[in-house]
**Student:** 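The following block contains the structure, expressed as structure tokens.
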Amino acid sequence: MAIHSEAAALLARSRRLGSDPRNTNYAGGNASAKGTDTDPVTGGEVELMWVKGSGGDLGTLTEAGLAVLRLDRMRALVDVYPGVEREDEMVAAFDYCLHGKGGAAPSIDTAMHGLVEAAHVDHLHPDSGIALACAADGEKLTAECFGDTVVWVPWRRPGFQLGLDIAAVKKANPQAIGCVLGGHGITAWGDTSEECERNSLHIIRTAEAFLAEKGKADPFGPVIEGYEALGEGERRERAAALAPHVRAVASQDRAQVGHFDDSAVVLDFLARAEHPPLAALGTSCPDHFLRTKVRPLVLDLPPTAPLEDAVARLKELHAAYREEYAAYYRRHALPDSPAMRGADPAIVLIPGVGMFSFGKDKQTARVAGEFYVNAINVMRGAEAVSTYAPIEESEKFRIEYWALEEAKLQRMPKPKPLATRVALVTGAGSGIGKAIAQRLVAEGACVVVADLNAENAAAVAEELGGPDKAVAVTVDVTSEEQITAAFEAAALAFGGVDLVVNNAGISISKPLLETTAKDWDLQHDIMARGSFLVSREAARVMIAQGLGGDIVYIASKNAVFAGPNNIAYSATKADQAHQVRLLAAELGEHGIRVNGVNPDGVVRGSGIFAGGWGAQRAAVYGVEEDKLGEFYAQRTILKREVLPAHVANAVFALTGGELTHTTGLHVPVDAGVAAAFLR
């Protein structure tokens, strides 16, 4: 069935508005359209409203993201509205107003759209509009900026009563094109989709111009000496060094994924004299503080302070933050309030370095950071023309621990087994490593695709979903510097590393008398020495995070099985196998588990076999190269060929949460080679 013309216009308008961050933040705001359609039951006309549903994003809105409601039933709710003390009950009533099957669940803002007498309505969270909404004299400034064309609406928590308030404002002010909602955002309307969009943009751009023309030059005050931003290279090196410690701060209650932002907006704010008191006031717009928590944690040291001093101070500030958050909860919690969800910060600000933001996955962490940048812009605008005055702490608590918000959280799907875990896989640009990276991402992990071949690594990272799922790093595992850089990249991309897979390798198949010292050294440098260097760097990061971790070695059945013409390869695999035992014994006290996987020859899909190893081994066994996989399978007990996905399955089995008490283990993935049985 073709989409209704009004709904189509709504989707186009929503995407245009939502694609520009000056207009609204990610998943923030909503838009609606009203129109007439044919009732499939009676054949008569029925008035409908299409409105962005709960949890959607305007910039990427599709028809499936719209809730469709009958206006007669929606407006009839006014007659049964029990009052502001029971307004939450009205959200469940929206379900009885839905038209047809499917579509999105109606959001808390549905009443704002349905009760306002206008064919098209936009509710948005632009930084410029919220700056006026959060200014101490916002009502006066709104009148000065817009005259009587935009009306001030005092703060009220989103809900049915706010919808009634805005409907009354619209009716009492026929000349108005919209309103500024105190502490919150803006709402605009129009008789057509084009008029509504034009009015929204007029409010946003007029507010921007007003703040620019009327505002003072340095609303955040003078630069604090010594708090200026470090140079880019030094800044990012410092951020990478701090990241595991900051992630530990954000993950005491539950593990979190991190995001780092050292944009000019953030660095300038943190260099200025007013950043400590402004940060302490917290954010205001509900969308902001639901993502960023009531306030950030701010390190009160210059960026040149010794690293150990910064780490020690972070721990002190974290302890104080947790105490303060618990006190905030106690001040406002009612007997029926949801339990406290956690007392760790979602935003950590490091002057001269940047901002770390955290969430249950990379996208959530990134968006939390974007929202705090919105909050900085709001504070700048409000301070430029007035004084920043966010809504009261008690109101923030009412929203943060709102029963409706809790219900939304409870409806979230169960996290995947590797959610919040950050993995670094060496040799992940092809073959077994690629298969492992694919499985880990599928199970919820963020993955650093590390490979000597930069082009392959980039292609795999893109295939896995791009920066919110995977990033590529170019690394030669024989280079300490490149390994360090790879872990630094992981820290800046995701906050740290929890799971490392030592998979990178090559294979040289020669008889003893033909094996040169160079062959031996190359084989051992890449696999034995490389695994040691990667594991050492991984342990440093994991110990700093205090979250435990997993290190997995992709060894080989050749670590146990003595095959012909394979001295260099098999000896280095035996080295790797014993590293597993040694590191399991040493790192256990830190909650770091070290295990291995022993595959048999993985012919199909293997980069090593495709690179010449297959031809060499086929020659040793006197079979055709394209028959090598079948040859290996036939010599096994199960008569099955081993594929990259089978190795990936073993890595997941070791790290996916079921084998929590297992370390120092080697898992054979060889379809049964009796000579390689572990004894």
Side-chain angles (χ1 to χ4, degrees), residues 85 88 134 136 155-158 182-184 245-256 258 269-270 274-301 310-351 355-360 364-365 368-369 371-372 374-376 378-379 382 387-410 546-547:
E85 295 303 317
D88 289 0
C134 293
W155 161 258
R156 186 182 292 279
R157 188 177 68 167
H184 188 163
H245 303 281
V246 177
R247 191 173 179 219
V249 159
S251 300
Q252 183 165 322
D253 290 312
R254 61 187 65 85
Q256 300 282 284
F269 174 64
L270 295 178
E274 294 304 313
H275 85 262
L278 287 171
L281 289 173
T283 54
S284 187
C285 175
D287 266 24
H288 292 183
F289 61 75
L290 281 173
R291 302 273 189 157
T292 66
K293 295 198 90 161
V294 66
R295 61 179 59 87
L297 186 155
V298 185
L299 181 63
D300 52 3
L301 291 176
V311 171
R313 183 59 178 152
L314 272 172
K315 292 178 180 178
E316 293 174 356
L317 291 169
H318 181 223
Y321 186 99
R322 289 180 62 83
E323 290 177 4
E324 290 167 6
Y325 187 88
Y328 153 78
Y329 180 85
R330 290 192 298 270
R331 280 195 297 274
H332 304 294
L334 300 173
D336 60 349
S337 293
M340 190 170 75
R341 299 190 192 102
D344 295 325
I347 304 291
V348 178
L349 303 174
I350 312 290
M355 169 178 64
F356 290 93
S357 53
F358 295 90
K360 63 183 176 66
T364 305
F371 275 58
Y372 199 78
N374 291 136
I376 291 172
V378 166
M379 289 185 275
T387 301
Y388 175 61
I391 62 174
E392 294 294 323
E393 182 186 87
S394 58
E395 286 298 295
K396 294 181 184 181
F397 182 88
R398 287 183 69 212
I399 290 178
E400 185 178 0
Y401 285 92
W402 199 355
L404 294 177
E405 185 65 26
E406 180 70 12
K408 184 191 297 185
L409 293 174
Q410 295 301 322
L547 301 174

**Student:** Kindly give the heavy-atom pair with the smallest separation between Gly258 and Ala365, and that separation in Å.
**Tutor:** C-CB, 4.0 Å

**Student:** What pairs with Glu393 under side chain to side chain donor-acceptor pair (under 3.5 Å), at least two apart in sequence or on another chain?
**Tutor:**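 Glu393 satisfies side chain to side chain donor-acceptor pair (under 3.5 Å) with Arg331, His332 only.
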
**Student:** State the CZ-CH2 distance between Arg157 and Trp402, to the nearest 0.5 angstrom.
**Tutor:** 4.5 Å

**Student:** Between Lys396 (side chain only) and Thr283 (backbone N and O only), is there a donor and an acceptor less than 3.5 Å apart?
**Tutor:**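 Yes, Lys396 side chain to Thr283 backbone: donor-acceptor pair under 3.5 Å.
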
**Student:** Closest approach of Leu299 and Pro351, non-hydrogen atoms and distance?
**Tutor:**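 Scanning both residues, the minimum pair turns out to be O-CD, 3.1 Å.
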
**Student:** Show your working on side chain to side chain contact (heavy atoms under 4.5 Å, CB included) between Arg247 and Phe356 and close with a plain yes or no.
**Tutor:** CA-CA 8 Å; Arg247 191 173 179 219; Phe356 290 93; over 6 Å; no

**Student:** Counting only heavy atoms not in Glu316, do more than 12 sit closer than 6.0 Å to its CD atom?
**Tutor:**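 Yes, CD of Glu316 has more than 12 neighbouring heavy atoms, counting only those of other groups under 6.0 Å.
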
**Student:** Nearest 0.5 angstrom please: Arg398 CZ to Glu392 CD, how far?
**Tutor:** 12.5 Å

**Student:** Measure up the Trp155 and His184 rings against each other and bin them: parallel (under 30°), tilted (30 to 60°), perpendicular (over 60°).
**Tutor:** tilted

**Student:** Once rounded to the nearest 0.5 Å, what's the spacing between atom CG of Asn374 and atom OG of Ser284?
**Tutor:** 12.5 Å

**Student:** Check each of Ile347, Thr364, Val348 against Phe358 using the side-chain contact (heavy atoms from CB on, under 4.5 Å) test, and report the only one that passes.
**Tutor:**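 Output: one option passes, namely Val348.
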
**Student:** Nearest heavy-atom pair of Ala368 and Arg291: which atoms, and what distance?
**Tutor:**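 In terms of heavy atoms, the two residues are closest at CB-O, 3.7 Å.
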
**Student:** Just so I know, are the side chains of Pro296 and Tyr372 near enough to count as touching, which here means a heavy-atom distance under 4.5 Å?
**Tutor:** yes

**Student:** Taking Arg341's backbone N and O only, do any of them form a donor-acceptor pair with Tyr401's side chain (distance below 3.5 Å, no angle check)?
**Tutor:** yes

**Student:** Can you give me the closest heavy-atom contact between Ala382 and Tyr388, atom names plus distance?
**Tutor:**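 Scanning both residues, the minimum pair turns out to be CB-CA, 3.9 Å.
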
**Student:** Under the criterion side-chain contact (heavy atoms from CB on, under 4.5 Å), which of Val246, Leu314, Leu349 is the partner of Leu297?
**Tutor:** Leu314

**Student:** What closest approach, in Å, do His318 and Val249 show between heavy atoms, and which atom pair accounts for it?
**Tutor:**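 Smallest interatomic distance, heavy atoms only, reads NE2-O, 2.8 Å.
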
**Student:** Please report the shortest heavy-atom distance between Ala250 and Pro345, naming the atom on each side.
**Tutor:** CB-O, 3.7 Å

**Student:** Nearest 0.5 Å, please: how far is CD1 in Ile376 from CG in Leu270?
**Tutor:** 6.5 Å

**Student:** Do Arg254 and Asp344 sit within salt-bridge range, that is, some charged N less than 4.0 Å from a carboxylate O?
**Tutor:** no

**Student:** Ignoring hydrogens and geometry beyond distance, is a side-chain donor-acceptor pair present between Tyr328 and Glu323 at under 3.5 Å?
**Tutor:** no

**Student:** Quick one: pull up CD in Glu274 and CZ in Phe269 and give me the separation to the nearest 0.5 Å.
**Tutor:**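 Between Glu274 CD and Phe269 CZ, I get 9.5 Å after rounding to 0.5 Å.
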
**Student:** Hey, is the main chain of Ala343 close enough, under 3.5 Å, to the side chain of Asp253 for a donor-acceptor pair?
**Tutor:**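 Side chain of Asp253 to backbone of Ala343, a donor-acceptor pair under 3.5 Å: yes, one is there.
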
**Student:** Verify, without hydrogens or angle tests, whether Ser251 (side chain) and Gln256 (backbone) share a donor-acceptor contact under 3.5 angstrom.
**Tutor:**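 Yes; judged by distance alone, with no hydrogens or angles, the pair exists.
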
**Student:** Rounded to the nearest 0.5 Å, what's the gap from CD1 on Ile391 to SG on Cys134? Could you check?
**Tutor:** 8.0 Å

**Student:** Could you go step by step and tell me if Tyr329 and Ser337 meet the side chain to side chain contact (heavy atoms under 4.5 Å, CB included) rule?
**Tutor:** CA-CA 10 Å; Tyr329 180 85; Ser337 293; 4.2 Å; yes

**Student:** Under a 4.5 Å cut-off applied to non-hydrogen side-chain atoms, are Glu400 and Glu405 in contact?
**Tutor:**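 Side chain of Glu400 against side chain of Glu405, heavy atoms only: no contact under 4.5 Å found.
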
